[in-house]
Every structure is written in structure tokens, then in C-alpha cells.
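In this text, all values refer to a predicted model and were calculated from it rather than measured experimentally. These values consider heavy atoms only, across backbone and side chains, with no hydrogens, waters or symmetry-generated copies.
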Amino acid sequence: MLNVIRIFLTLITLIGTASSQEDPQLGSARVVFQTNYGDIEFGFYPSVAPQTVDHIFKLVRLGCYNTNHFFRVDKGFVAQVADVVGGRSAPMNEVQRVEGEKTVIGEFSDVKHVRGILSMGRYSDPNSAASSFSILLGDAPHLDGQYAVFGKVTKGDETLRKLEGLPTRKEGIFVMPTERITIHSSYYYDTEMEICEKERSVLKRRLTASAIEIERQRMKCFP
């Protein structure tokens, strides 16, 4: 009997561990960075870091990441996007600058830093994150709980692998590409809206086909 209880408790522990390791739910918004090496698409974790998600998504909607760049590419570790204030090749307008200079509180969580995760950059102050963030290129457990995870890459791993293959140079603690990796432009869309559009298109085709069939039957029965 004791063995049965032990097995039961072990199973409960294993189930709980598996559940805690599941990915958080992605929101429906998707952002695409168009770089000179291909596109990178990512989604957000609004339930994990709501203020961070709102801030980054607003910067995207304002076009703040356009002409920005990846200033750091450390193979197997991170590809880091520069801060939008100072990282862009195009000047910022006043609205962009005001938003770009804002910081967000450190929304630290138990989400693991694994390949594809998006994690905010910051200084020693835990509440100093602004607009720079890293895309994980490998597992980095030493970052867990220290930096705010707010999303993950949904498409574009082949682009990340291209970035990892570029020549780099070492500057202090940073491994940096020898050429500029530019985010030429960015755009966003909503996956739920796309699903609705597809369903509406299918329904419209079905209704059109039904109308044609009804008219065909009417002509046949009531010439």
C-alpha cells in the first residue's frame, strides 16, 4: 500500500513539473522585423509581462524599430537589438523619442531563457529596461529570473542562423557583428483577425456556390 502511495505522489510531482514547464500562452499579435538577412517574426506573452508587452508593441506601432539594428550577435547565446534612441540610422520624431526614452519595471518571471525567447536588456537597475532586447540563440539558465521575458520567435529561425554565421569582433564583454545588421522595416498583424478573414472568405465562397446552385435548380424547375 505504501508503495502505491509513493508511486501516486511521484506521478503528481511529475505532472506538476511538466505543467510548470509548459510555454505561456502567446497573444494573437505578431510582429515581423525585416532585416537584410531575412525576416524574424515574434509574438508576445501578455500574461507574463503585460507592461513590457504594451511598451514594446507601442514602439513597434510607432515605427521606432525601423532602421534600427542588431548590435550584438553572440552565437549560441543572444542576438541583441539596439536601443531605439541612438540605434536607428533615421532620425526620430518627437512622439517616437518620448516613447523610446521610457523605461518599464522589471517583470521577472519563471519562464526559462531558451532559444527563441525574447528578453529585455537593462542596466544594473532592475527597472531600467527601455527598448533594447535580446533574442536567445541558445539556453541561458543564468539569465532566468534576472531579465524580463516577454515573448518568443514564431518564425525566422533560419534568419537567426544566418546571423550566427556572420563574422564578429569582441568589444569588452560583447561579441558584435563586423557589419551592420539593419532592421529595414517592421510590421504587425493579428492572427485571430487573419483566421476570421479566412473563415469569412470560405463562407463567402460557399454562399456564392449555394446561390448559384439555387438559381440553377430554380431555372430547372421553374423555367
Side-chain angles (χ1 to χ4, degrees), residues 23-27 29-33 35 40-74 76-90 92-154 156 160 163 171-177 181-183 186-188:
D23 283 347
Q25 183 69 37
L26 277 173
R30 296 290 182 273
V31 171
V32 179
F33 281 176
T35 80
I40 302 168
E41 179 190 285
F42 56 88
F44 296 113
Y45 290 144
S47 63
V48 173
Q51 293 188 46
T52 304
V53 168
D54 286 347
H55 176 60
I56 296 297
F57 195 29
K58 185 171 183 180
L59 290 173
V60 170
R61 296 196 306 273
L62 289 172
C64 293
Y65 288 99
N66 298 346
T67 77
N68 197 11
H69 69 289
F70 287 87
F71 79 93
R72 180 185 188 188
V73 178
D74 196 339
F77 183 36
V78 297
Q80 188 167 355
V81 179
D83 194 279
V84 297
V85 179
R88 290 163 45 106
S89 59
M92 303 184 82
N93 61 41
E94 187 59 27
V95 175
Q96 290 173 328
R97 182 169 295 278
V98 168
E99 193 62 31
E101 290 176 346
K102 290 180 180 178
T103 58
V104 289
I105 62 169
E107 295 181 296
F108 309 128
S109 67
D110 59 0
V111 180
K112 304 299 182 185
H113 282 75
V114 297
R115 186 177 180 88
I117 282 292
L118 308 184
S119 179
M120 291 298 288
R122 64 173 176 84
Y123 297 105
S124 56
D125 180 351
N127 300 319
S128 60
S131 58
S132 176
F133 65 87
S134 295
I135 299 176
L136 272 290
L137 301 175
D139 297 354
H142 62 288
L143 302 181
D144 293 347
Q146 305 297 314
Y147 295 84
V149 170
F150 66 95
K152 75 171 183 178
V153 171
T154 50
L160 296 179
L163 301 189
E171 288 194 16
I173 65 169
F174 296 126
V175 177
M176 308 172 75
I181 303 169
T182 302
I183 301 168
S186 61
Y187 67 90
Y188 58 94

request  = For Y187, check ring pair (Phe, Tyr, Trp, His ring centres under 6.0 Å) against everything at least two apart and list the hits.
outcome  = none
message = So which atom in V81 and which in F33 form the shortest heavy-atom distance, rounded to 0.1 Å?
response = CG2-CE1, 4.4 Å
task = Please name the pair of heavy atoms, one in H69 and one in G87, separated by the smallest distance, quoted to 0.1 Å.
result = ND1-O, 2.9 Å
Show me the donor-acceptor pairs, under 3.5 Å and distance only, between side chains in residues 41-53 and residues at least two apart or in other chains.
from: E41; atom 1: OE1; to: Y189; atom 2: OH; distance (Å): 2.8
from: E41; atom 1: OE2; to: T154; atom 2: OG1; distance (Å): 2.6
from: T52; atom 1: OG1; to: E107; atom 2: OE1; distance (Å): 2.7

key: Test ring pair (Phe, Tyr, Trp, His ring centres under 6.0 Å) applied to Y188 - qualifying residues, sequence neighbours left out   = F57
key: Donor-acceptor pair, side chain of N68 and main chain of A82, under 3.5 angstrom   = yes
query = How close do V111 and P24 get, heavy atom to heavy atom, and via which atoms?
reply = CG2-CG, 3.7 Å
task = Just grab all the salt bridge (Lys or Arg N to Asp or Glu O under 4.0 Å) pairs involving residues 111-124, residues at least two apart or on different chains.
result = R115-D157, R115-E164
inquiry  = Given 3.5 Å as the limit, does a donor-acceptor pair link the side chain of S128 with the main chain of Y123, or not?
reply    = yes
note = side chain to side chain donor-acceptor pair (under 3.5 Å) pairs touching residues 79-89, sequence neighbours excluded, are R72-Q80, Q80-S132, D83-S131
task = Please name the pair of heavy atoms, one in G100 and one in A130, separated by the smallest distance, quoted to 0.1 Å.
result = O-CB, 4.2 Å
request  = With sequence neighbours left out, write down each residue that passes ring pair (Phe, Tyr, Trp, His ring centres under 6.0 Å) with Y147, or none if nothing qualifies.
outcome  = none
note = salt bridge (Lys or Arg N to Asp or Glu O under 4.0 Å) pairs touching residues 134-150, sequence neighbours excluded, are none
task = Determine whether I135 and L118 make a side-chain contact, defined as any pair of heavy atoms from C-beta on separated by less than 4.5 Å.
result = yes
key: S119 side, atom OG; F133 side, atom CZ - distance, nearest 0.5 Å   = 10.5 Å
ask   = If you look at every heavy atom in S109 and V149, which pair is closest and at what distance?
value = OG-CB, 4.5 Å
Pairing residues for A140 by the side-chain contact (heavy atoms from CB on, under 4.5 Å) criterion, not counting sequence neighbours = F77, H113, L136, H142, L143
note = Residue set satisfying side-chain contact (heavy atoms from CB on, under 4.5 Å) with D54, at least two apart, ordered chain then number -> none
Residues forming a side-chain contact (heavy atoms from CB on, under 4.5 Å) with E171, sequence neighbours excluded = R169, M176
task = Kindly give the heavy-atom pair with the smallest separation between L62 and Q96, and that separation in Å.
result = O-NE2, 2.8 Å
inquiry  = Less than 4.0 angstrom from a charged side-chain N to a carboxylate O is my criterion; do E99 and K102 meet it?
reply    = yes
Test side-chain hydrogen bond (donor to acceptor under 3.5 Å, both in side chains) applied to T67 - qualifying residues, sequence neighbours left out = none
ask   = For D74, what residues pass the side-chain hydrogen bond (donor to acceptor under 3.5 Å, both in side chains) criterion, not counting sequence neighbours?
value = none
ask   = Between CG of L160 and CD1 of I40, what distance do you get to the nearest 0.5 Å?
value = 4.5 Å
